[in-house]
Amino acid sequence: MSSKKVRGSAGEKTLSPEEQEAKINEIRKLIGPATSKVPVPCSDDIISRYLRARNWNTKKATKMLKDTIKWRMEHKPEKIRWEDIAQEAETGKIYRANYHDKQGRTVLVMRPGFQNTNSTKGQIKYLVYCIENALMNLNPDQEEMVWLIDFQGWTMSSISMRVTRETANILQDHYPERLGLAILYNPPKIFESFWTMVKPFLETKTYQKVKFVYSNDAVSQKKMEELFDMDTLESSFGGRNSTGFNYETYAKQMMEDDKKMANFINSGCSSLHFQPSFVASEASDGGGIASSHENPPVSCKDVPKIEADMPKEMQKG
(Lines give C-alpha, C1' and ligand atoms only; values in the text may rest on other atoms or scores of the structure.)
Protein backbone atom coordinates (compact mmCIF):
# COMPACT_ATOMS: atom_id res chain seq x y z
CA MET A 1 0.00 0.00 0.00
CA SER A 2 1.13 3.58 -0.64
CA SER A 3 1.99 6.23 1.91
CA LYS A 4 -0.79 8.67 1.06
CA LYS A 5 -2.09 10.75 3.95
CA VAL A 6 -5.04 8.91 5.48
CA ARG A 7 -7.05 10.05 8.47
CA GLY A 8 -9.36 7.65 10.23
CA SER A 9 -12.65 8.61 11.87
CA ALA A 10 -13.16 8.37 15.60
CA GLY A 11 -15.34 5.26 15.34
CA GLU A 12 -13.27 3.57 12.64
CA LYS A 13 -11.51 0.31 13.28
CA THR A 14 -7.73 0.37 13.50
CA LEU A 15 -6.06 -2.43 11.58
CA SER A 16 -2.40 -3.30 11.23
CA PRO A 17 -0.85 -3.07 7.74
CA GLU A 18 -0.94 -6.87 7.53
CA GLU A 19 -4.63 -6.96 8.46
CA GLN A 20 -5.41 -4.25 5.91
CA GLU A 21 -3.57 -6.15 3.20
CA ALA A 22 -5.51 -9.30 4.06
CA LYS A 23 -8.80 -7.41 3.76
CA ILE A 24 -7.76 -5.97 0.39
CA ASN A 25 -6.82 -9.40 -0.92
CA GLU A 26 -10.15 -10.76 0.29
CA ILE A 27 -11.94 -8.02 -1.68
CA ARG A 28 -9.97 -8.91 -4.80
CA LYS A 29 -11.04 -12.54 -4.50
CA LEU A 30 -14.69 -11.58 -3.97
CA ILE A 31 -14.69 -9.16 -6.93
CA GLY A 32 -12.81 -11.46 -9.26
CA PRO A 33 -11.10 -10.06 -12.37
CA ALA A 34 -13.17 -6.87 -12.31
CA THR A 35 -10.61 -4.91 -10.29
CA SER A 36 -8.01 -5.35 -13.03
CA LYS A 37 -10.36 -4.60 -15.91
CA VAL A 38 -11.91 -1.27 -14.91
CA PRO A 39 -9.58 1.78 -15.16
CA VAL A 40 -10.16 3.28 -11.72
CA PRO A 41 -11.41 0.82 -9.05
CA CYS A 42 -8.44 -1.56 -8.89
CA SER A 43 -5.47 -0.26 -6.88
CA ASP A 44 -4.90 -1.18 -3.26
CA ASP A 45 -5.43 2.46 -2.26
CA ILE A 46 -8.85 2.55 -3.87
CA ILE A 47 -9.98 -0.77 -2.42
CA SER A 48 -8.77 0.47 0.95
CA ARG A 49 -11.02 3.53 0.67
CA TYR A 50 -14.06 1.32 0.08
CA LEU A 51 -13.11 -0.77 3.08
CA ARG A 52 -12.68 2.30 5.28
CA ALA A 53 -16.01 3.67 4.08
CA ARG A 54 -17.62 0.48 5.36
CA ASN A 55 -15.47 0.22 8.50
CA TRP A 56 -13.43 -2.67 7.06
CA ASN A 57 -16.48 -4.87 6.50
CA THR A 58 -15.45 -6.85 3.43
CA LYS A 59 -18.97 -7.92 2.48
CA LYS A 60 -20.32 -4.35 2.51
CA ALA A 61 -17.20 -2.94 0.84
CA THR A 62 -17.40 -5.57 -1.91
CA LYS A 63 -21.02 -4.67 -2.69
CA MET A 64 -20.11 -0.99 -2.72
CA LEU A 65 -17.20 -1.55 -5.08
CA LYS A 66 -19.28 -3.76 -7.39
CA ASP A 67 -21.91 -1.01 -7.58
CA THR A 68 -19.23 1.52 -8.51
CA ILE A 69 -17.85 -0.78 -11.20
CA LYS A 70 -21.33 -1.08 -12.71
CA TRP A 71 -21.82 2.68 -12.45
CA ARG A 72 -18.49 3.48 -14.11
CA MET A 73 -19.09 0.98 -16.91
CA GLU A 74 -22.50 2.49 -17.59
CA HIS A 75 -21.68 6.21 -17.26
CA LYS A 76 -17.96 6.16 -18.16
CA PRO A 77 -17.13 9.29 -16.13
CA GLU A 78 -13.49 9.18 -17.22
CA LYS A 79 -14.63 9.77 -20.82
CA ILE A 80 -16.58 12.98 -20.16
CA ARG A 81 -14.91 15.81 -22.07
CA TRP A 82 -15.05 19.58 -21.88
CA GLU A 83 -17.23 19.86 -24.96
CA ASP A 84 -19.82 17.66 -23.25
CA ILE A 85 -20.24 20.03 -20.31
CA ALA A 86 -18.94 23.42 -21.50
CA GLN A 87 -22.33 25.11 -21.18
CA GLU A 88 -22.66 23.99 -17.57
CA ALA A 89 -19.34 25.65 -16.75
CA GLU A 90 -20.08 29.10 -18.19
CA THR A 91 -20.95 30.86 -14.91
CA GLY A 92 -18.18 29.31 -12.80
CA LYS A 93 -20.64 27.44 -10.60
CA ILE A 94 -18.00 24.71 -10.11
CA TYR A 95 -14.29 24.88 -10.94
CA ARG A 96 -10.95 23.60 -9.74
CA ALA A 97 -9.08 26.35 -7.92
CA ASN A 98 -5.48 27.37 -8.63
CA TYR A 99 -4.39 26.48 -5.11
CA HIS A 100 -4.43 23.62 -2.64
CA ASP A 101 -5.21 23.90 1.05
CA LYS A 102 -2.29 23.69 3.48
CA GLN A 103 -2.57 19.90 3.53
CA GLY A 104 -2.09 19.78 -0.24
CA ARG A 105 -5.66 18.85 -1.07
CA THR A 106 -7.24 19.86 -4.38
CA VAL A 107 -9.91 22.53 -3.95
CA LEU A 108 -13.19 22.58 -5.86
CA VAL A 109 -14.95 25.95 -5.67
CA MET A 110 -18.73 25.70 -5.87
CA ARG A 111 -21.24 28.52 -6.24
CA PRO A 112 -24.73 27.00 -6.36
CA GLY A 113 -26.21 30.50 -6.62
CA PHE A 114 -24.66 30.71 -10.10
CA GLN A 115 -26.78 27.86 -11.44
CA ASN A 116 -27.39 28.42 -15.16
CA THR A 117 -29.21 25.29 -16.41
CA ASN A 118 -32.29 23.24 -15.59
CA SER A 119 -31.04 19.82 -16.64
CA THR A 120 -30.44 17.48 -13.71
CA LYS A 121 -28.54 15.14 -15.99
CA GLY A 122 -26.30 17.94 -17.25
CA GLN A 123 -25.64 19.32 -13.78
CA ILE A 124 -24.67 15.92 -12.39
CA LYS A 125 -22.52 15.16 -15.42
CA TYR A 126 -20.60 18.39 -14.85
CA LEU A 127 -20.18 17.63 -11.16
CA VAL A 128 -18.74 14.20 -11.98
CA TYR A 129 -16.40 15.76 -14.57
CA CYS A 130 -15.13 18.20 -11.95
CA ILE A 131 -14.61 15.46 -9.36
CA GLU A 132 -12.69 13.33 -11.85
CA ASN A 133 -10.54 16.32 -12.77
CA ALA A 134 -9.89 17.20 -9.12
CA LEU A 135 -8.75 13.65 -8.37
CA MET A 136 -6.55 13.58 -11.45
CA ASN A 137 -4.75 16.66 -10.12
CA LEU A 138 -4.18 15.54 -6.55
CA ASN A 139 -0.75 15.91 -5.02
CA PRO A 140 1.07 12.55 -5.04
CA ASP A 141 0.74 12.10 -1.27
CA GLN A 142 -2.92 13.06 -1.08
CA GLU A 143 -6.21 11.29 -1.78
CA GLU A 144 -8.74 13.89 -0.61
CA MET A 145 -10.28 17.04 -2.02
CA VAL A 146 -11.85 20.09 -0.37
CA TRP A 147 -15.17 21.59 -1.43
CA LEU A 148 -15.31 25.35 -0.90
CA ILE A 149 -18.97 26.31 -1.31
CA ASP A 150 -19.80 30.00 -1.70
CA PHE A 151 -23.43 30.96 -1.12
CA GLN A 152 -23.27 34.25 -2.98
CA GLY A 153 -26.59 34.72 -4.79
CA TRP A 154 -28.04 31.49 -3.38
CA THR A 155 -31.80 31.08 -3.00
CA MET A 156 -33.99 28.07 -2.32
CA SER A 157 -34.58 27.82 -6.09
CA SER A 158 -30.85 27.67 -6.92
CA ILE A 159 -30.60 23.90 -6.64
CA SER A 160 -33.19 21.16 -6.64
CA MET A 161 -33.55 18.55 -3.93
CA ARG A 162 -33.16 15.90 -6.63
CA VAL A 163 -29.74 17.23 -7.65
CA THR A 164 -28.70 17.54 -4.00
CA ARG A 165 -29.70 13.95 -3.26
CA GLU A 166 -27.94 12.67 -6.38
CA THR A 167 -24.81 14.66 -5.49
CA ALA A 168 -24.72 13.07 -2.04
CA ASN A 169 -25.27 9.59 -3.47
CA ILE A 170 -22.54 9.88 -6.09
CA LEU A 171 -20.00 11.33 -3.66
CA GLN A 172 -20.66 8.75 -0.95
CA ASP A 173 -21.27 5.68 -3.08
CA HIS A 174 -18.71 6.11 -5.86
CA TYR A 175 -16.03 8.41 -4.43
CA PRO A 176 -15.74 7.16 -0.83
CA GLU A 177 -13.17 8.80 1.42
CA ARG A 178 -12.42 11.40 -1.25
CA LEU A 179 -14.01 14.38 0.47
CA GLY A 180 -11.72 15.70 3.17
CA LEU A 181 -13.70 18.82 4.02
CA ALA A 182 -16.72 20.78 2.78
CA ILE A 183 -16.83 24.44 3.79
CA LEU A 184 -20.21 26.17 3.54
CA TYR A 185 -19.21 29.84 3.26
CA ASN A 186 -21.77 32.45 4.31
CA PRO A 187 -24.93 30.34 3.95
CA PRO A 188 -27.99 32.57 4.43
CA LYS A 189 -30.45 32.08 7.27
CA ILE A 190 -32.96 30.46 4.93
CA PHE A 191 -30.42 27.72 4.19
CA GLU A 192 -31.10 26.24 7.63
CA SER A 193 -34.42 24.77 6.48
CA PHE A 194 -32.79 23.38 3.32
CA TRP A 195 -29.97 21.87 5.39
CA THR A 196 -32.53 20.15 7.60
CA MET A 197 -33.87 18.38 4.53
CA VAL A 198 -30.39 17.53 3.21
CA LYS A 199 -28.89 16.00 6.36
CA PRO A 200 -30.82 12.70 6.09
CA PHE A 201 -29.06 12.05 2.74
CA LEU A 202 -25.64 12.23 4.35
CA GLU A 203 -23.78 9.46 6.07
CA THR A 204 -22.34 10.36 9.48
CA LYS A 205 -18.77 10.45 8.13
CA THR A 206 -19.80 12.88 5.39
CA TYR A 207 -21.86 15.06 7.69
CA GLN A 208 -18.92 15.42 10.08
CA LYS A 209 -16.79 16.85 7.28
CA VAL A 210 -19.17 19.78 6.67
CA LYS A 211 -18.18 23.07 8.33
CA PHE A 212 -20.08 26.36 8.37
CA VAL A 213 -17.91 29.47 7.97
CA TYR A 214 -19.01 33.13 8.11
CA SER A 215 -17.02 36.14 6.94
CA ASN A 216 -18.20 38.28 9.87
CA ASP A 217 -17.13 35.76 12.48
CA ALA A 218 -13.58 35.99 13.82
CA VAL A 219 -13.45 32.31 14.80
CA SER A 220 -14.55 31.29 11.31
CA GLN A 221 -11.94 33.47 9.68
CA LYS A 222 -9.23 32.03 11.91
CA LYS A 223 -10.28 28.59 10.69
CA MET A 224 -9.82 29.72 7.09
CA GLU A 225 -6.34 31.03 7.94
CA GLU A 226 -5.47 27.67 9.46
CA LEU A 227 -6.64 25.83 6.34
CA PHE A 228 -5.42 28.07 3.52
CA ASP A 229 -2.57 30.33 2.50
CA MET A 230 -4.40 33.66 2.54
CA ASP A 231 -2.20 35.05 -0.25
CA THR A 232 -3.54 32.41 -2.63
CA LEU A 233 -7.09 32.08 -1.31
CA GLU A 234 -9.65 34.04 -3.32
CA SER A 235 -10.84 37.33 -1.87
CA SER A 236 -14.44 36.10 -1.98
CA PHE A 237 -13.45 33.65 0.77
CA GLY A 238 -11.51 36.20 2.82
CA GLY A 239 -8.18 35.72 1.08
CA ARG A 240 -5.95 38.20 -0.70
CA ASN A 241 -6.13 36.76 -4.22
CA SER A 242 -8.36 39.04 -6.28
CA THR A 243 -8.19 36.90 -9.42
CA GLY A 244 -11.61 35.57 -10.33
CA PHE A 245 -12.99 32.85 -12.57
CA ASN A 246 -12.38 33.33 -16.29
CA TYR A 247 -14.30 30.99 -18.53
CA GLU A 248 -12.04 31.16 -21.59
CA THR A 249 -8.88 30.52 -19.60
CA TYR A 250 -10.48 27.71 -17.64
CA ALA A 251 -11.74 26.08 -20.83
CA LYS A 252 -8.19 25.92 -22.21
CA GLN A 253 -6.92 24.31 -19.02
CA MET A 254 -9.69 21.71 -18.96
CA MET A 255 -9.09 20.77 -22.58
CA GLU A 256 -5.42 20.21 -21.74
CA ASP A 257 -6.48 18.03 -18.82
CA ASP A 258 -8.81 16.13 -21.13
CA LYS A 259 -5.78 15.16 -23.20
CA LYS A 260 -4.10 13.75 -20.09
CA MET A 261 -7.21 11.75 -19.29
CA ALA A 262 -7.35 10.45 -22.86
CA ASN A 263 -3.72 9.32 -22.58
CA PHE A 264 -4.65 7.45 -19.43
CA ILE A 265 -7.64 5.73 -21.02
CA ASN A 266 -5.75 4.79 -24.18
CA SER A 267 -2.80 3.43 -22.23
CA GLY A 268 -4.89 1.03 -20.15
CA CYS A 269 -3.29 2.20 -16.89
CA SER A 270 -4.82 0.86 -13.71
CA SER A 271 -4.39 3.94 -11.53
CA LEU A 272 -5.93 7.34 -12.17
CA HIS A 273 -3.21 9.67 -10.94
CA PHE A 274 -1.07 12.31 -12.57
CA GLN A 275 1.29 14.96 -11.35
CA PRO A 276 -0.83 18.02 -10.54
CA SER A 277 -1.05 20.52 -13.40
CA PHE A 278 -0.35 23.30 -10.94
CA VAL A 279 1.89 23.65 -7.92
CA ALA A 280 0.89 26.91 -6.25
CA SER A 281 -0.88 30.18 -6.94
CA GLU A 282 2.12 31.67 -8.70
CA ALA A 283 1.57 29.04 -11.40
CA SER A 284 -1.71 30.69 -12.29
CA ASP A 285 -2.00 32.25 -15.72
CA GLY A 286 -4.97 34.30 -14.62
CA GLY A 287 -8.65 33.55 -14.38
CA GLY A 288 -8.40 31.80 -11.03
CA ILE A 289 -7.41 28.46 -12.49
CA ALA A 290 -4.44 26.18 -12.67
CA SER A 291 -1.68 26.65 -15.17
CA SER A 292 -0.52 23.62 -17.08
CA HIS A 293 3.00 22.23 -16.80
CA GLU A 294 4.47 19.90 -19.34
CA ASN A 295 3.96 16.39 -18.02
CA PRO A 296 5.05 13.31 -19.96
CA PRO A 297 2.08 11.22 -21.13
CA VAL A 298 1.38 8.24 -18.94
CA SER A 299 1.92 4.85 -20.46
CA CYS A 300 0.91 1.34 -19.45
CA LYS A 301 1.02 -1.51 -21.88
CA ASP A 302 -0.57 -4.89 -22.42
CA VAL A 303 -3.57 -4.28 -20.18
CA PRO A 304 -6.70 -6.09 -21.41
CA LYS A 305 -9.80 -4.18 -22.42
CA ILE A 306 -12.20 -3.21 -19.64
CA GLU A 307 -15.19 -5.35 -20.42
CA ALA A 308 -13.28 -8.49 -21.29
CA ASP A 309 -13.67 -11.24 -18.73
CA MET A 310 -16.02 -9.18 -16.53
CA PRO A 311 -18.31 -11.37 -14.40
CA LYS A 312 -21.71 -11.58 -16.07
CA GLU A 313 -23.50 -10.04 -13.09
CA MET A 314 -21.37 -6.89 -13.46
CA GLN A 315 -21.98 -6.40 -17.17
CA LYS A 316 -24.66 -4.07 -18.42
CA GLY A 317 -28.00 -5.47 -19.29
Side-chain angles (χ1 to χ4, degrees), residues 82 85-86 88-116 123 126-127 129-139 142 144-155 158-159 167 178-188 191 209-254 256-257 276-293:
W82 176 257
I85 48 78
E88 294 285 342
E90 288 177 351
T91 60
K93 63 187 178 185
I94 309 178
Y95 61 91
R96 176 167 59 85
N98 68 332
Y99 49 86
H100 293 105
D101 75 345
K102 287 184 178 179
Q103 294 186 35
R105 296 177 291 193
T106 303
V107 177
L108 279 183
V109 174
M110 300 181 174
R111 292 192 167 93
F114 289 18
Q115 185 58 261
N116 63 325
Q123 292 169 20
Y126 182 48
L127 171 70
Y129 175 85
C130 291
I131 292 175
E132 293 280 315
N133 182 269
L135 299 181
M136 185 180 77
N137 285 283
L138 283 170
N139 275 339
Q142 261 296 348
E144 294 179 336
M145 57 184 163
V146 173
W147 287 9
L148 196 46
I149 307 171
D150 181 8
F151 280 81
Q152 178 185 350
W154 186 89
T155 66
S158 295
I159 186 169
T167 296
R178 286 301 202 176
L179 181 66
L181 177 68
I183 295 176
L184 308 187
Y185 196 81
N186 283 337
F191 179 74
K209 295 174 181 178
V210 177
K211 306 299 179 185
F212 288 73
V213 173
Y214 299 90
S215 58
N216 60 355
D217 180 77
V219 176
S220 289
Q221 285 308 297
K222 185 176 181 180
K223 182 66 176 177
M224 295 297 283
E225 292 174 6
E226 292 172 354
L227 289 167
F228 299 98
D229 179 345
M230 302 306 284
D231 288 332
T232 61
L233 182 67
E234 294 163 66
S235 56
S236 55
F237 295 108
R240 292 185 283 271
N241 180 5
S242 60
T243 305
F245 175 79
N246 181 282
Y247 177 78
E248 288 75 18
T249 308
Y250 193 66
K252 291 178 182 178
Q253 175 59 53
M254 292 301 100
E256 285 300 312
D257 280 0
S277 59
F278 65 94
V279 178
S281 62
E282 58 264 30
S284 174
D285 58 1
I289 67 157
S291 292
S292 177
H293 293 289

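Here the structure is a predicted model, which means the values were calculated and not measured.
Closest approach of Tyr99 to Glu234, counting heavy atoms only: OH-OE2, 2.8 Å. Residue His100 comes nearest to Gly104 through the heavy atom pair CD2-O, 3.4 Å, listed as atom of the first residue, atom of the second, then distance. Closest approach of Asn241 and Thr232 over heavy atoms only: ND2-O, 3.1 Å. When all heavy atoms of Phe245 and Ala89 are compared, the closest pair comes out as CZ-O, 3.6 Å. Gly113 approaches Ser158 most closely through the heavy-atom pair CA-OG, 3.8 Å. Counting all heavy atoms, side chain and backbone alike, Ile183 lies closest to Phe228 at CD1-CE1, 3.8 Å.
Take Phe151 and apply the ring-ring contact (aromatic ring centres under 6.0 Å, His included) test, not counting sequence neighbours, and it matches Trp154, Phe191. Residues forming a side-chain hydrogen bond (donor to acceptor under 3.5 Å, both in side chains) with Gln221 (at least two apart in sequence, or on another chain): Tyr185. For Lys211, the side chain to side chain contact (heavy atoms under 4.5 Å, CB included) partners two or more places apart in sequence, or in a different chain, are Leu181. Qualifying side chain to side chain contact (heavy atoms under 4.5 Å, CB included) partners for Glu90, counting only residues two or more places apart in sequence or in other chains: Gln87, Asn116, Tyr247. Taking the side chain to side chain contact (heavy atoms under 4.5 Å, CB included) definition, one finds that Glu248 meets it with Asn246, sequence neighbours left out. Residues that satisfy the side-chain hydrogen bond (donor to acceptor under 3.5 Å, both in side chains) test with Ser236, not counting sequence neighbours, are Arg111. With sequence neighbours excluded, no residue satisfies ring-ring contact (aromatic ring centres under 6.0 Å, His included) with Tyr214. Scored by the side-chain hydrogen bond (donor to acceptor under 3.5 Å, both in side chains) test, Ser235 finds no partners at all (sequence neighbours excluded). Partners of Thr91 under the side-chain hydrogen bond (donor to acceptor under 3.5 Å, both in side chains) rule, at least two apart in sequence or in another chain, do not exist in this structure. Residues meeting the ring-ring contact (aromatic ring centres under 6.0 Å, His included) test with Tyr126, sequence neighbours left out: none.
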Applying side chain to side chain contact (heavy atoms under 4.5 Å, CB included) to Leu227 and Val146, what does each step give before you reach the verdict? CA-CA 10 Å; Leu227 289 167; Val146 173; over 6 Å; no
Verdict with reasoning, Met254 to Arg96, per side chain to side chain contact (heavy atoms under 4.5 Å, CB included): CA-CA 10 Å; Met254 292 301 100; Arg96 176 167 59 85; 3.7 Å; yes
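Side-chain atoms of Asn139 never come within 3.5 Å of backbone atoms of Gln142 as a donor-acceptor pair (strictly under, hydrogens ignored). A donor-acceptor pair under 3.5 Å is absent between the side-chain atoms of Lys223 and the main chain of Val213, judged by distance alone.
Note that NZ of Lys93 and CD of Glu88 are 3.5 Å apart. Values are rounded to the nearest 0.5 Å. Here the CG atom belonging to Asn133 is positioned 9.0 Å from the CD1 atom belonging to Ile85, to the nearest 0.5 angstrom. In this structure, CG on Asp101 lies 10.0 Å from CE on Met224, to the nearest 0.5 angstrom. One distance of note links CD of Glu144 with CD of Gln103; it measures 7.5 Å at 0.5 Å rounding. Taking CG of Leu108 as the reference point, atom CG of Leu127 lies at 8.0 Å (rounded to 0.5 Å). Atom-to-atom distance recorded for Glu225:CD and Met230:CE is 5.0 Å, nearest 0.5 angstrom.
For the residue pair Asn186/Ser215, the side-chain donor-acceptor check at 3.5 Å is satisfied.
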